[in-house]
Amino acid sequence: MGEAKTHYEVIVVGAGVAGIYQIKRLLDLGVEATVLESAPDLGGTWYWNRYPGCRFDSESYTYGFSFSRELLDEWHWKERFSSQSENLRYLNYVADKFDLRKAMQFNCRVEAMRFNEARDLWHVKIADGRELTCRFVSLAIGLLSAPTMPRLEGIGDFKGRSFHTFYWPHEPVDLRAKKVAVIGTGATGIQLIGEIADKVGELTVFQRRPNWSAPLNNSAISEEEMADIRSRYDDIFAACALTPGSFLHGPDSRGFYEVTREERLAQWNKLYDEPGFGIWHANFREIFMDEAANAELSAYIADRIRTRVRDPKIAEKLIPRDHGFGVQRLPLETKYFEAYNRDNVHLVDIGETPLVRVTENGLRTSERDYEFDIIVYATGFDAITGAFDLIDISGIGGETLAEKWKQAPSTFLGLLIHGFPNLLMPTGPQSASASTNFPRGIEHNVNWCTNLLQYMWDRGYTRADATREAQERWTAHVAKMYEIMLMRKAKSWFTGYNSNVAGHEEGNVRYFLYNGGTPKFVAIANDVAAKAYQEIAFSSGERVDGQAATVSASA
Ligand code: NA7
């Protein structure tokens with residue numbers, strides 16, 4: 001395991017999708033590198049989230065790694081939208097196939113990282129007491145890996161079982177005949193509720209705000225279909241590379257107002273009944289920017305909800321009023337709305353009667369007490385920057401990242417941070433990977449970062465720091481793109497909103513996503529590389545009084 005070693009050229013933090021690919025690239029190059037993972041095993045998101053119903057919203061065969069033809073030929077995705085257990089099996093298969101485990105250390109929580117300016121090294125402190133050094137760190141720590149609990153009194157008082165969906169127990173949880181509460185109706189709650197409604201005794205859903213949601217329309221993939229998919233992989237990945245979201249679903253080329261209302265309805269009828277994100281990503285572009293266009297689509301989806309939910313009062317409660325369709329992350333669902341037609345499923349509108357506290361026996365709202373055997377918190381994540389905030393990271397001059405990003409993150413391409421040299425972010429804020437079919441963005445970002453490292457190794461540089469100007473330009477560009485998007489008004493993790501984290505409440509929009517789409521992002525990032533990384537200051541050699549022996553032209 002190499003645990004006695006204390007120095008590496010590269011330390012990768014996180015053994016999820018990004019960390020697995022990053023270590024693969026580094027080992028192929030013969031670089032001395034290790035992965036530090038806080039969990040007992042690899043898989044990241046797919047290791048942790050074991051709640052029933054957890055699965056891809058991306059078509060499985062667009063989510064898998066694209067780097068190995070052999071892997072593509074060997075792996076059979078069993079379902080169009082594969083489940084958590086299968087996804088975890090896949091990531092283990094990849095790690096074993098390419099012998100990556102040898103470079104992974106588990107149960108290693110990185111507590112702190114300090115940049116040593118004199119030697120151009122990162123000092124990485126692990127919770128087990130070890131301190132490692134390395135030239136480069138790749139923080140592959142995930143976008144949604146810091147779960148958050150409500151700030152509710154009495155959480156510890158509950159005598160039954162309770163857990164956040166992220167920490168759903170590894171052993172099966174017997175839900176039969178149990179009284180179960182689910183708090184939260186985001187993408188997670190919606191997957192969970194649809195899956196367990198017919199498996200529990202009583203299910204009570206505590207909904208603060210409804211979310212728009214559309215059918216996943218999942219199905220099995222037969223041997224023949226998989227053979228066909230395998231023969232088309234090149235085309236599939238090429239098609240993903242051309243769409244803004246890196247999915248197979250690209251926007252309708254017609255203008256919303258160029259077609260008649262009947263034509264729009266026909267298109268929506270088709271998309272709603274098709275698998276996946278088509279209703280979101282293959283829709284008219286205007287739905288993301290134009291209030292009237294968005295309102296017409298939202299009214300259409302509201303009607304679809306009304307046809308699926310028997311009790312009109314419940315149906316109205318499940319229809320969002322505070323935001324339009326698709327301006328928050330769209331959850332995809334399987335029999336979610338039908339769950340509310342069951343006698344054992346109850347909806348509590350905690351927008352109207354807020355949760356007051358957790359009690360010994362259950363939950364108290366402003367109206368009454370409820371008794372439960374199990375309380376499930378599907379309350380989301382301190383998204384994107386949350387995992388960074390859990391590590392005490394200090395860069396040039398002792399500046400801490402938490403302080404620098406307190407109001408909002410600022411980055412260069414979402415990949416580098418000025419003042420924090422040699423720190424790479426394959427899944428950071430403000431890159432295209434945050435808003436797209438994650439692995440497609442991740443593969444690009446890992447390749448970009450690895451090419452940057454190779455560039456430095458070829459030239460003997462020991463420090464790369466994005467310039468302040470480049471970072472300011474990029475951050476302003478990212479923020480500007482929000483101006484035209486309806487999403488800027490939404491209370492969702494897309495805008496850095498989280499009611500459970502101090503400073504992340506409503507009103508402080510944090511620009512997390514690059515909204516220009518994958519093709520544009522890739523073109524910009526590749527152009528930076530093609531022009532010899534002019535936005536990055538390179539230098540090399542030990543420093544005397546802060547001066548490097550060699551400094552690049554761009555420094
Ligand atoms: P989300 O999408 O952030 O959803 C969290 C849900 O929990 C949402 O309905 C919240 O209501 C609700 N919530 C959060 N805090 C509270 C408190 N304190 N009281 C009541 N209700 C609360 O997280 P998910 O895990 O569902 O999805 C995250 C991503 O994972 C998803 O987008 C996929 O990419 C995978 P609110 O809407 O804030 O009123």
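In this chain, numbering begins with 1 at the start of the sequence shown. As the structure lists them, so they are numbered: ligands from 1, and atoms in each ligand from 1. Side-chain atoms are counted along with the backbone in the values below, which use heavy atoms only and exclude waters and symmetry mates.
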Just need the protein heavy atom nearest to [atom], so name the residue and atom and give the distance.
atom	value
atom 32 (O) of ligand 1	Trp493 NE1, 2.8 Å
atom 34 (O) of ligand 1	Arg329 NE, 3.1 Å
atom 2 (O) of ligand 1	Gly186 CA, 3.7 Å
atom 19 (N) of ligand 1	Arg208 NH1, 3.7 Å
atom 29 (C) of ligand 1	Leu144 CD1, 3.5 Å
atom 24 (P) of ligand 1	Thr188 OG1, 3.3 Å
atom 23 (O) of ligand 1	Gly380 CA, 3.2 Å
atom 6 (C) of ligand 1	Ala378 O, 3.4 Å

For a quick check under 3.5 Å, do [X] and [Y] share a side-chain donor-acceptor pair by atom type?
X	Y	result
Arg208	Thr185	no
Asn508	Tyr497	no
Tyr300	Arg304	yes

[X] and [Y] aromatic centres sub-6.0 Å:
X	Y	value
Phe284	Phe288	no
His281	Phe247	yes
Phe512	Trp493	no
Tyr340	His346	no
Trp77	Phe56	yes
Phe381	His164	yes

Report yes if [X] has an N/O atom closer than 3.5 Å to an N/O atom of ligand 1; otherwise report no.
X	answer
Asn500	yes
Arg151	no
Ala187	yes
Phe438	no

Counting only heavy atoms, which portion of [X] has something under 4.0 Å from ligand 1: side chain, backbone, both, or neither?
X	answer
Thr185	both
Leu152	neither
Thr165	neither
Pro331	neither
Arg209	both
Phe206	neither

Check your understanding: Looking only at heavy atoms, what is the nearest atom pair of Ile391 and Val110, with distance?
Key ->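 Where Ile391 meets Val110 most closely, the heavy atoms are CG1-O, 3.6 Å.
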Problem set entry | Any Phe166 heavy atom less than 4.0 Å to ligand 1 |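 No.
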Atoms in ligand 1 with a heavy atom of [X] nearer than 4.0 Å:
X	answer
Gly184	6 (C), 7 (O), 9 (O), 12 (C)
Tyr497	38 (O)
Phe381	25 (O), 28 (C)
Ile350	20 (C)
Ile183	20 (C), 21 (N)

*Report yes or no: is the cationic atom of Arg368 (NZ for Lys, CZ for Arg) closer than 6.0 Å to the six-membered ring centre of Tyr370, at no more than 45° off its axis?*
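Yes, Arg368 lies over the aromatic ring of Tyr370.
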_Option from Tyr51, Phe163, Trp48 for which ring-ring contact (aromatic ring centres under 6.0 Å, His included) with Trp168 holds_ =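 Single ring-ring contact (aromatic ring centres under 6.0 Å, His included) partner of Trp168 among Tyr51, Phe163, Trp48: Phe163.
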Between CG on residue Asn217 and OH on residue Tyr272, distance to nearest 0.5 Å:
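Between Asn217 CG and Tyr272 OH, I get 9.0 Å after rounding to 0.5 Å.
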Next on the checklist: Does the plane of the ring in Tyr90 sit parallel, tilted or perpendicular to the ring in Trp75? Use 30° and 60° as the thresholds.
Outcome noted: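 Tyr90 vs Trp75 ring planes: perpendicular.
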